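Below is one structure; the comments refer to it alone.
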Amino acid sequence: MSDLRISFEFFPPKTEEGREKLYKTREELQAFDPAFFSVTYGAGGTTRDTTANIVCGLSKDGVSIAPHLSFGGDNEEIVLGLLNRYKEAGVKRIVALRGDVPSGMGSVAQLVYANELVAFIRRHFDDHFHLEVAAYPEIHPEAESYDDDIRYLKGKFEAGANSGLTQYFYNPDAYFYFIDQCQKAGLDAPIYPGIMPITNFVNLARFSRNCGAEIPRWLKYRMESYRDPEDVKKLGLEVVSDLCETLLEGGAPGLHFYTMNQVAPTANILNALGVEPSAV
Ligand code: FAD
């Protein structure tokens with residue numbers, strides 16, 4: 001399994017202490033030889049500088065790292081400025097998104113669909129960037145229908161995207177059916193499953209309600225019956241490792257981990273899959 005393509009996602013920390021922890025996490029996860037790291041972006045520009053500073057700093061140090069990017073309420077000049085900064089810092093990959101308006105910013109100008117951002121990047125930078133886009137095996141919560149969501153995903157690839165990273169999910173059938181439907185719609189680009197380790201179930205359940213990720217009923221009931229956080233982590237590791245194994249055996253092209261800026265939850269899953277860190 002050493003040629004497994006993996007990638008690790010971070011969020012930009014708000015404090016100096018958080019930044020230090022992130023750099024340490026990045027160094028430790030490097031031992032798993034990821035294809036790239038990525039750093040999320042607050043649509044509306046809330047993390048514009050923090051995301052860009054982390055990405056540009058690490059990229060200049062030779063780390064393969066991709067910023068997430070969306071127009072949010074920004075104009076073309078601002079987005080172009082950011083993209084130029086990324087190109088100068090040696091960044092080769094962007095995760096292109098529509099994003100969501102952060103709560104409390106209801107008046108942010110209309111969101112720009114991800115396919116338009118992909119087309120914008122291709123228009124200005126040709127093939128310089130490898131473009132990742134978001135995909136939703138359980139379907140985006142605002143989608144008008146299953147078929148529409150697939151059609152819009154295909155539109156992102158027609159605009160120039162190279163590969164997809166999915167929202168997390170715990171039901172492998174949702175992913176396999178989705179890939180099948182994509183292929184039937186003529187979409188053959190690789191779509192990497194997004195993997196969310198389970199550590200804190202209360203937080204996960206709340207977040208999942210917002211982003212439309214389904215937690216299987218049996219898992220919810222079992223997790224909610226635990227009083228000891230260690231039991232949650234133990235079952236979480238077992239369930240998510242099994243999920244990864246099933247996905248890879250079923251033909252998933254690799255795995256994209258939502259690390260929550262922590263080493264252990266992701267490293268434990270990789271160890272369970274037989275992926276050992278190398279000495280770096
Ligand atoms: P789009 O692909 O633009 O789709 C949004 C919705 O509109 C869908 O329902 C789709 O069916 C519909 N749609 C798409 N195109 C059209 C069109 N042309 N006309 C009409 N309807 C259309 N959020 C952040 O704020 N920051 C991040 O860093 C971040 N990173 C993420 C990383 C991954 C891997 C994933 C899966 C999600 C991430 N998100 C992030 C969440 C994401 O921004 C939200 O799910 C957002 O609501 C949709 O973004 P999108 O790029 O998928 O949108």
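Counting convention: from 1, in listed order, for ligands and their atoms alike. Computed from a predicted model, the values in this text were never measured in an experiment. Start at 1 with the first residue, then count along the sequence.
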Hey, is [X] one of the residues with a heavy atom under 4.0 angstrom from ligand 1?
X	result
Asp149	yes
Val95	no
Tyr136	yes

Name the option, out of [options], that contains the heavy atom nearest to [atom].
atom	options	value
atom 44 (C) of ligand 1	Asp147, Asp100, Leu117	Asp100
atom 21 (N) of ligand 1	Tyr152, Phe11, Tyr168	Tyr152
atom 48 (C) of ligand 1	Arg151, Gln167, His140	His140
atom 27 (C) of ligand 1	Tyr41, Tyr146, Tyr258	Tyr41

Listed pairs under 3.5 Å, donor-acceptor, residues 183-200 side chains, sequence neighbours left out:
from: Lys184; atom 1: NZ; to: Asp180; atom 2: OD2; distance (Å): 3.1
from: Asn200; atom 1: OD1; to: Val202; atom 2: N; distance (Å): 3.1
from: Asn200; atom 1: OD1; to: Asn203; atom 2: N; distance (Å): 3.1

Just distances here: any N/O of [X] and N/O of ligand 1 closer than 3.5 Å?
X	value
Gly99	yes
His68	yes
Glu144	no

Could you tell me, atom by atom, which parts of ligand 1 come under 4.0 Å of a heavy atom of Ala134?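 By the 4.0 Å cutoff, the relevant atoms are 35 (C), 36 (C), 52 (O).
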Backbone of Glu214 reached by a side-chain donor or acceptor of Glu138 within 3.5 Å: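 Side chain of Glu138 to backbone of Glu214: a pair is present.
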Spacing of His256 atom NE2 and Gln167 atom CD [to the nearest 0.5 Å]: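 Reported value, rounded in 0.5 Å steps: 10.0 Å.
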Asn210 CG to Phe207 CZ distance, which is reported to the nearest 0.5 Å: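 Asn210 CG to Phe207 CZ: 7.5 Å, rounded to 0.5 Å.
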Please report the closest heavy-atom contact between Arg222 and Ser225, naming both atoms and the distance.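 Result for this residue pair: O-OG, 2.6 Å.
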Residues forming a side chain to side chain contact (heavy atoms under 4.5 Å, CB included) with Phe125, sequence neighbours excluded: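 Scan of Phe125 (side chain to side chain contact (heavy atoms under 4.5 Å, CB included), adjacent residues dropped) gives Leu80, Leu83, Asn84, Lys87, Ile121, His128, Phe129.
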